[in-house]
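One structure is given here, and the rest of the page talks about it.
In this chain, residues are counted from 1 in sequence order. This one's a predicted model, so the numbers in the text were calculated from it and none came from an experiment. Just follow the structure's listing: the first ligand is 1, and inside any ligand the first atom is 1.
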Amino acid sequence: MVLEKLSNSLKNTLSKIAKSLFVDEKLINELAQDIQRALLQADVNVNLVFQLTKKIKERALNEKPIKNISQKEFLIKIVYEELTNFLGKEKSEIIIERKKPFIIMMVGLFGSGKSTSCGKIANYYKKRDFKVATLGLDVHRPAAPQQLKQLSDQIKIPCYIDEKEINPIKIYKKFEKEFKNYDILIVDTAGRDALSQDLINELEKLYNLIHPDENLLVISADLGQAAQSQAETFHKASHITGVIVTKMDGTAKGGGALSSCSATQSKIKFIGTGEKVNDFEVFNPPGFVSRLLGMGDIELLLEKAQEAISQEDAKHLEKKLLKGEFNLIDLYEQMEAMKKMGPISKIAEMIPGFSQLKLPKDMLQVQEEKLKKWKFALDSMKKEELENPDIIDHSRLERISKGSGIPTSEIRDLLKQYKQAKKMMKMLKGQNPEKLMKKFKGKIPGF
Ligand code: GDP
Ligand code: MG
């Protein structure tokens, strides 16, 4: 996961609280020191760290727990709340106005991840049923327009570029009439190695021409706390409305980048967590901190699930479930949808309580491998077998095994899993969701 090291230190700190016999000043001081150490290691600014732990200590010593909460739980609550405040308190969402087009412009230094983020943000809104296009105005790097084109092709949206033109203003004007056909236009701009007067002038000109609704600064997380001065310099020079922090996956310094950006006037809107187009999420401090502390992030989980399964598919599946008609094709489709949500290890960390189980990494890996093999087996089945798996006898099993290259024992595993899933569904059928929640309450941490 992102910030794994910080997350592990914080989780250890919390489990220390859970294991302690009682909450006293010594424990609170120890807790503050642990948090300081963890945050400093993540390159968070020293002053910010001391302000934070001072606040935690003050609250822990002076506030009394509200009823029904033990002292220990209260202490954990304070840590959670203060860390959340520290990272910006709440989600700072972009409200997309229906104005055809709503324009989002990306600015930032060379290599910070602007073009990649153009693709990611386009994908994010396309999945939410907006009509999106990209516009490439990086005229300084020869390969830049093609890069944006490839990213746009990958998510199947139009991309406006002109590789022969060296004046970005002319490129914008050339295509301007077409943009009203889209809900959102995402504009990629050029960067430099440092924020120079040249770059400021170019961005200023583009800003005055395009008047973007959002002007997002793209910053790489590996800058650590140095992100703050970069964010402030850009803010002064070019009307920044928000920040995207990229490459959260590749650095232990991400804590520094997030906290120092949160300390500036512009709020973090998204974070990039990998090179792929889906490695992107809305930055939601409460959910983010919850995941860091090993408490999951239900909101993000639901969001990813919604992205992966279209409303129509979900309705279709629900109907089948209600009729008890769940077959292997549905299992297959579910597996495909799961795959779209990302690797199992990433999904697992969003589920409350899951990361507290401290599952070994290879166990998830094994599960992932198994799914891959099952998919091969399903590909080798005939339609009638998928629709009615009960007809799969020994000779059919042999045939499927030969066709897919998967041993019969593993195909039996798959069929067993299917039967169990079907049984579960029957049990859940017609159950009142609220009653179910009650049943699970207390058993799954975080529920
Ligand atoms: P630009 O010059 O600002 O347009 O930067 P690019 O979008 O071309 O990205 C520079 C490099 O960073 C590319 O190799 C990207 O694949 C990589 N990159 C961008 N965002 C992320 C991220 O969130 N995680 C990782 N690991 N790599 C990223
Ligand atoms: Mg670029």
Between Glu204 and His239, is the side chain to side chain contact (heavy atoms under 4.5 Å, CB included) condition met? List the steps.
CA-CA 9 Å; Glu204 190 67 29; His239 323 272; 3.5 Å; yes
Working for side chain to side chain contact (heavy atoms under 4.5 Å, CB included), residues Val139 and Asn167
CA-CA 7 Å; Val139 291; Asn167 181 349; over 6 Å; no
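Ring geometry for Phe280 against Phe270 counts as parallel: the plane angle stays under 30°, on a 0 to 90° scale with 60° as the upper cut. Between His211 and Tyr207, the ring-plane angle classifies as perpendicular under the 30° and 60° cut-offs.
Using a 4.0 angstrom heavy-atom cutoff, Gly191 does not count as in contact with ligand 1. Residue contact annotation: Ile271 has no non-hydrogen atom under 4.0 Å from ligand 1. Distances shorter than 4.0 angstrom do not occur between any heavy atom of Gly250 and any atom of ligand 1. Ligand 1 lies nowhere less than 4.0 angstrom from a heavy atom belonging to Gly108.
Note on Glu82 versus Arg59: salt bridge recorded, some NZ/NE/NH1/NH2 to OD/OE distance being below 4.0 Å. No salt bridge links Glu63 with Lys77; every basic N to acidic carboxylate O contact stays at or beyond 4.0 Å. Here Glu163 does not pair with Lys149 in a salt bridge; the nearest charged N to carboxylate O distance is not below 4.0 Å.
Listed by number with element, the atoms of ligand 1 under 4.0 Å from a non-hydrogen atom of Thr273 are 23 (O). Atoms of ligand 1 found under 4.0 Å from any heavy atom of Gly272, numbered from 1 in the order shown, are 23 (O). Residue Leu109 approaches ligand 1 through these ligand atoms, each under 4.0 Å from one of its heavy atoms: 3 (O).
From the protein, the heavy atom lying nearest to atom 27 (N) of ligand 1 is Glu275 CG, 3.4 Å. From the protein, the heavy atom lying nearest to atom 9 (O) of ligand 1 is Thr116 OG1, 3.4 Å. The single protein non-hydrogen atom nearest to atom 22 (C) of ligand 1 is Gly274 O, 3.1 Å, given as residue, atom name and distance. In terms of protein heavy atoms, atom 2 (O) of ligand 1 is closest to Gly111 N, 2.8 Å. Ranking the protein heavy atoms by distance from atom 8 (O) of ligand 1 puts Gln147 NE2, 2.9 Å first.
At a threshold of 4.5 Å between non-hydrogen side-chain atoms, the residues Leu292 and Leu83 do not count as touching. The side-chain heavy atoms of Ile244 and Lys120, taken from C-beta on, include no pair separated by under 4.5 Å. In this structure the side chain of Gln147 reaches within 4.5 angstrom of the side chain of Thr116, judged on heavy atoms.
Taking any N or O of Asp249, backbone or side chain, at least one lies under 3.5 Å from an N or O belonging to ligand 1. Checked against a 3.5 angstrom limit, the closest N/O atoms of Asp279 and ligand 1 fall outside it. By the 3.5 Å distance cut-off applied to N or O atoms, Gly113 is counted among the residues near ligand 1. Among the atoms of Phe110, none of the N or O lies under 3.5 angstrom from an N or O of ligand 1. The shortest N or O to N or O distance between Arg141 and ligand 1 is not below 3.5 Å. Considering backbone and side-chain N/O atoms, Lys114 comes within less than 3.5 Å of an N/O atom of ligand 1. The shortest N or O to N or O distance between Asp188 and ligand 1 is not below 3.5 Å.
The Mg ion (ligand 2) lies under 2.8 Å from an N, O or S atom belonging to Ser115.
Atom NZ of Lys205 sits in a sparse spot, with 12 or fewer heavy atoms from other residues, nucleotides or ligands closer than 6.0 Å. Within a 6.0 Å sphere centred on NZ of Lys99, other residues, nucleotides and ligands contribute more than 12 heavy atoms. Shown here is Lys91, whose NZ atom has more than 12 heavy atoms of other residues, nucleotides or ligands within 6.0 Å.
Side-chain atoms of Ser260 and Asn45 form no donor-acceptor pair, as typed in the model, at a separation below 3.5 Å.
Considering only non-hydrogen atoms, atom 12 (O) of ligand 1 lies nearest to Lys247 out of Lys120, Met106, Lys247.
At a heavy-atom distance under 4.0 Å, no atom of Val218 approaches ligand 1.
By the definition of a contact as any protein heavy atom under 4.0 Å away, atom 14 (O) of ligand 1 is not in contact.
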